[in-house]
Structures are given as C-alpha cells and as structure tokens.
K.L.:
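Before I ask anything, here is the structure I am working with.
Excluded from the calculations below are hydrogen atoms, water molecules and symmetry mates; all remaining heavy atoms, backbone and side chain alike, are included. This is a predicted model, so every value here is computed, not measured.
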Amino acid sequence: MRILVCGGAGYIGSHTCVTLAERGHQVVIADSGVNSSPRVMPRLQRLVGAPLSLHRVDLRDRTALDALFTAYRFDAVLHFAALKAVGDSCRRPLEYFDNNISGTIVLLRAMQDAGVHRLVFSSSATVYGEPAQVPVREDAGLQVTNPYGRTKLVAEQLIGDLCQADPAFRAANLRYFNPVGAHASGLIGEDPAGEPNNLMPYICQVAVGQRERLRIFGDDYPTIDGTGVRDYIHVVDLARAHVDALEYMVRADRSFTVNLGTGRGVSVLELVHAFERACGRRIPYEIVGRRPGDAAAVYADPTLAQQLLGWQAEHDVDAMCRDAWRWQAMNPQGYRSTTRRATPPRLRRSRAVGARLADAY
Ligand code: UFG
C-alpha cells in the first residue's frame, strides 16, 4: 500500500516508517517540523535502503494537504501528528485544540474528498484518566484530566462519528501506554526539545551527563516501592502494532480501538535500576513531591490487540533500556549530534509537492 504518514518524522512515526517499508509498503511523510528534525530523513533512508519523501505540511493547511492527495493515490493514512506534552497543554490549550483537533478535522476532510477512507490514529492511554482499575481494558470509562488528553478523546470521538456517517470509512484507534526505547541501530530515537517531560528521556539525559539527577515524583503511592507504575512499551513493538493494525483493518474491513502496552506494570525505581544495568552507570536521583495529575498505577490489558491483530509486545524492560541507552550514547545531542555513524548520506531530492525539508540541508 502507499501510505501517508502524518508526523512521520517524529519519534513514533519514524520508527513506524521503518516497519512499513520493511513490510513492503510505500511511505510518504508529511510533517510540520514543529517537534521533529529533518535530520531523521537520511537516517531513515539508510535504514529502509530506499528514498523517502518528506513534505513540510501542517495538517491545518488544507491547500498543502490537497496537493499531497492529488500528487499521490494513498491507500491509507497513519496520523501521528500532534502536540503531546501534558503540562504545555495546560498552559496553551488553544494551541493544542487547534493543532490536534483542527488538524485532524482538516485531514479527515481532505481524506474524504480524495476518497481515502482508511485511518490509523495515534491515541493514548491518557483517555482513561486515572483508571478505576488496572489492568485497563478498552471498555473502561473514559475521562480526561488535561487539555492534551481532551484533544485525544475528542479526536477519537469525531473519528467515531465519521465512521458512523460514512459507511466506507474505517479507522483504528491505537491507545498507546508509555512508548520508550529506540531502533536497535541507534540511528533513530526520541529527541525531546528542551527539558524532557517523560521519565525515560530524562533518565537518558542524566546517564549521559546532561542533567545532574532525576527527580522522582513521589514515593508514597500504593505501589510495590511507592513510586508510580506504568506500562512501558518498546517503540519498535509499537511500530509493528501500527502495521499489524493497518493490515488487519484492510483485511477485516472494520474499525476498532485497541490498547497497546505490554500488560506489565513497572515502577519508576524498577526502570531506573534496569537502566543502570543497561548503561553500567549509576543514575543519581532524589525523591520529590508527587506531580499533580499523576496516577499511582496505569497499565494495559493488551488482550484485545492479541486477539484481533495477533500482536503482542516482544521486548522487555531490559531491551527498552539497552536500546534507549544505545541511541542516547550514540547521539548525546539527539539529531543535533554529528557522530560518524550518523553522518547523513546524500539525500535524493523529493519530487513531490510542498516545501521540502530536504532543501534545508
Ligand atoms: N516521573 C518521574 N520523574 C520524571 C518524569 C516522570 O518520577 O522526571 C514519573 C511519573 O511521576 C510517572 C512515571 O515517571 O510515575 C512516568 O511518567 P511519564 O511522564 O514518563 O509518563 P506518564 O505516564 O505520566 O504520561 C505518558 C505521556 C502522556 C500519556 C500517558 C498515557 O506523557 O502523554 O503516558 O498513559 F498520556
């Protein structure tokens, strides 16, 4: 299939592009560049062994989207393009509503007008809020506690309404738990701008010496060691789930919503210790107060994904830490790093429409 990957230059999108290409699909990336680097492209091309085109497109720009849909006959769209920082969303709710919700509406309209009616949507376990019980199943109550979460819930709902209204439209809502890790090559990985909001990239930056110590938000939760418990999932397993979901959606010709997690809860301290084993260094930390809005324990019941897609996570926490550390050690400054292995090969110019990030080199 020929797939439009919106947000394909970002962390999860870029890993999914590799898996799509490995499975024989043709990938075209649209990315606004707001939270991604064009330097991912030569690395991606090296991994997939073929040229990939990247178009600098903001999904709210209907004209640019239409040009893409006219230039290519897409079979499906994978939609990763969203702002995703919880705290930032509380400070800038309108920016989040506009980017995440308006962007999704414009994309859906462009898809409908172009006759493209298959969508895989990046949703989040954030739609469960503080779940009443764990492990969390897909039929658990939905509640959101911040503007970012609201954008994911609203997007899921409007995609659901479109599926009701348009008998041809099919969508897969994928509710991610906590994606971590990196491609085993160390060529692509998570590259947060500024101070990381999430645990794993923070640990990585402490391990590489960029930050002095980790602050652990609370050790008085009713969990195994008092620290928060989450369901960390290797990004390569997550990428495979997208392609499995896409292929299942086409094969079964149906819409669905699934959790993507391992089903195993891991505490902050357990993750810190696993990372110490992976990198052979001590991770200094201090215990501070709880972070407002954090739940004690959130982990998935991934049974439905197994039943529908035949998918389950394969990488354990040690593999997640090993791969996250390889990426961080090879690229201490993320995509701004210039290690020899990461030197971009000559980039083939994209032929297609829209501004070209490749031109930025
Ligand atoms: N934590 C720390 N110190 C840090 C960062 C995090 O102790 O510097 C703790 C948190 O308190 C929590 C755990 O590490 O117990 C995981 O925190 P993350 O911020 O990495 O992840 P969250 O589970 O809070 O949130 C993530 C995404 C959300 C998404 C949610 C879905 O950031 O966007 O998973 O479950 F909605």
Side-chain angles (χ1 to χ4, degrees), residues 10-12 34-37 39-40 83-92 126 146 148 177-183 186-221 223-235 265-298 315-342:
Y11 172 45
I12 302 169
V34 70
N35 196 21
S36 63
S37 168
R39 295 189 182 187
V40 72
L83 301 174
K84 61 163 191 170
V86 172
D88 189 34
S89 78
C90 296
R91 288 184 290 275
R92 303 190 300 145
T126 194
N146 57 72
Y148 159 71
F177 280 68
N178 292 63
V180 296
H183 192 269
L187 285 176
I188 59 173
E190 187 170 12
D191 183 14
E195 187 174 356
N197 299 298
N198 299 114
L199 180 60
M200 182 64 108
Y202 210 105
I203 292 175
C204 286
Q205 293 194 4
V206 172
V208 85
Q210 276 169 16
R211 299 190 186 271
E212 205 179 325
R213 66 169 65 86
L214 173 70
R215 289 177 309 141
I216 295 183
F217 300 137
D219 67 349
D220 56 353
Y221 287 105
T223 60
I224 177 174
D225 54 23
T227 63
V229 164
R230 294 293 184 274
D231 187 338
Y232 298 96
I233 171 173
H234 196 297
V235 67
V266 172
S267 76
V268 175
L269 279 173
E270 286 175 325
L271 192 69
V272 167
H273 295 320
F275 201 95
E276 288 179 330
R277 290 194 296 277
C279 72
R281 301 176 182 190
R282 215 172 54 79
I283 306 293
Y285 66 82
E286 63 177 324
I287 308 287
V288 300
R290 292 182 180 190
R291 187 170 63 177
D294 269 355
V298 185
H315 294 79
D316 62 13
V317 169
D318 291 326
M320 298 177 207
C321 292
R322 192 185 59 230
D323 291 338
W325 172 238
R326 185 184 300 107
W327 154 255
Q328 189 69 45
M330 283 174 63
N331 308 273
Q333 307 293 329
Y335 288 110
R336 292 174 304 285
S337 310
T338 45
T339 61
R340 216 166 71 80
R341 270 198 73 178

K.L.:
Check this for me: does any side-chain nitrogen of one of Asp88 and Arg92 sit under 4.0 Å from a carboxylate oxygen of the other?
P.N.:
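Salt bridge present between Asp88 and Arg92.
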
K.L.:
Give a yes or no on this: more than 12 heavy atoms of other residues, nucleotides or ligands lie within 6.0 Å of atom CD of Glu212.
P.N.:
no

K.L.:
Do the non-hydrogen side-chain atoms of Leu83 and Asn35 ever get within less than 4.5 Å of each other?
P.N.:
no

K.L.:
Hey, is the main chain of Glu190 close enough, under 3.5 Å, to the side chain of Trp327 for a donor-acceptor pair?
P.N.:
yes

K.L.:
Strictly by modelled atom types, are Asp323 and His234 linked by a side-chain donor-acceptor pair under 3.5 Å?
P.N.:
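Yes.
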
K.L.:
In the structure I gave you, are the side-chain heavy atoms of Asn178 and Leu199 within less than 4.5 Å of one another anywhere?
P.N.:
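Not in contact.
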
K.L.:
How far apart are the closest heavy atoms of Ser337 and Pro332, and which atoms are they?
P.N.:
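Heavy atoms of Ser337 and Pro332 come nearest at OG-N, 3.4 Å.
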
K.L.:
What pair of heavy atoms forms the shortest contact from Tyr335 to Leu187, and how long is it?
P.N.:
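In terms of heavy atoms, the two residues are closest at CE2-O, 3.8 Å.
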
K.L.:
Under the 3.5 angstrom rule, does the side chain of Tyr221 hit a backbone N or O of Val229 as a donor-acceptor pair?
P.N.:
no

K.L.:
Side chains of His273 and Glu270: is there a donor and an acceptor less than 3.5 Å apart?
P.N.:
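Per modelled atom types, His273 and Glu270 side chains form no pair under 3.5 Å.
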
K.L.:
Does the structure place the NZ or CZ of Arg211 under 6.0 Å from the centre of the six-membered ring of Tyr202, at an angle of no more than 45° from the ring's axis?
P.N.:
yes

K.L.:
Tell me the closest heavy-atom pair linking Val208 and Trp325, and the distance in Å.
P.N.:
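Heavy atoms of Val208 and Trp325 come nearest at N-CZ3, 4.0 Å.
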
K.L.:
Given side-chain contact (heavy atoms from CB on, under 4.5 Å), test Gln333 with Gln210 step by step and report yes or no.
P.N.:
CA-CA 9 Å; Gln333 307 293 329; Gln210 276 169 16; 3.5 Å; yes

K.L.:
Do the side chain of Asp294 and the main chain of Gly228 share a donor and acceptor less than 3.5 angstrom apart?
P.N.:
no

K.L.:
Take Asn198 and Val180 through the test side-chain contact (heavy atoms from CB on, under 4.5 Å) and record every step on the way to the result.
P.N.:
CA-CA 10 Å; Asn198 299 114; Val180 296; over 6 Å; no

K.L.:
Calculate, to the nearest 0.5 Å, the distance between atoms CZ and CG belonging to Arg336 and Asn331 respectively.
P.N.:
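Between atom CZ of Arg336 and atom CG of Asn331 there are 10.5 Å.
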
K.L.:
Are Ile203 and Val272 packed together at the side-chain level, in the sense that at least one heavy-atom pair is separated by less than 4.5 angstrom?
P.N.:
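Yes - at least one pair of side-chain heavy atoms lies under 4.5 Å apart.
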
K.L.:
On the six-membered ring of Tyr285, is Arg215 placed so that its NZ or CZ lies under 6.0 angstrom from the centre and within 45° of the ring axis?
P.N.:
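Not flagged: Arg215 not positioned over aromatic ring of Tyr285.
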
K.L.:
Minimum heavy-atom separation for Ile287 to Gly218, with atom names?
P.N.:
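That would be CG2-C, 4.3 Å.
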
K.L.:
Show your working on side-chain contact (heavy atoms from CB on, under 4.5 Å) between Val266 and Asp231 and close with a plain yes or no.
P.N.:
CA-CA 6 Å; Val266 172; Asp231 187 338; over 6 Å; no

K.L.:
Does the Ser89 side chain pair with the main chain of Tyr148, one donor and one acceptor, at a distance under 3.5 Å?
P.N.:
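A pair under 3.5 Å: yes.
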
K.L.:
Hey, what do you get for CZ (Arg290) to CG (Asp220), rounding to the nearest 0.5 Å?
P.N.:
4.5 Å

K.L.:
Distance alone, cut at 3.5 Å: any donor-acceptor contact between the side chains of Thr227 and Asp219?
P.N.:
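Asp219 and Thr227 do not have a side-chain donor-acceptor pair below 3.5 Å.
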
K.L.:
Apply the test side-chain contact (heavy atoms from CB on, under 4.5 Å) to residues Val235 and Met320: give CA-CA distance (whole Å), side-chain angles for both, the deciding distance (0.1 Å), then the verdict.
P.N.:
CA-CA 8 Å; Val235 67; Met320 298 177 207; over 6 Å; no

K.L.:
Identify the heavy atoms of Arg213 and Val206 that sit nearest to each other, and give their distance.
P.N.:
C-CG2, 3.7 Å

K.L.:
Answer yes or no: is there a side-chain heavy-atom contact under 4.5 Å between Arg282 and Glu276?
P.N.:
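SC-SC contact between Arg282 and Glu276 confirmed.
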
K.L.:
Decide yes or no for Asn197 and Pro192: does some side-chain heavy atom of the first lie under 4.5 Å from some side-chain heavy atom of the second?
P.N.:
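They are not in side-chain contact.
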
K.L.:
Identify the heavy atoms of Ala207 and Phe275 that sit nearest to each other, and give their distance.
P.N.:
CB-CE2, 3.5 Å

K.L.:
Can you measure from CG (Leu269) to CG (Asp225) and round to the nearest 0.5 angstrom?
P.N.:
4.5 Å

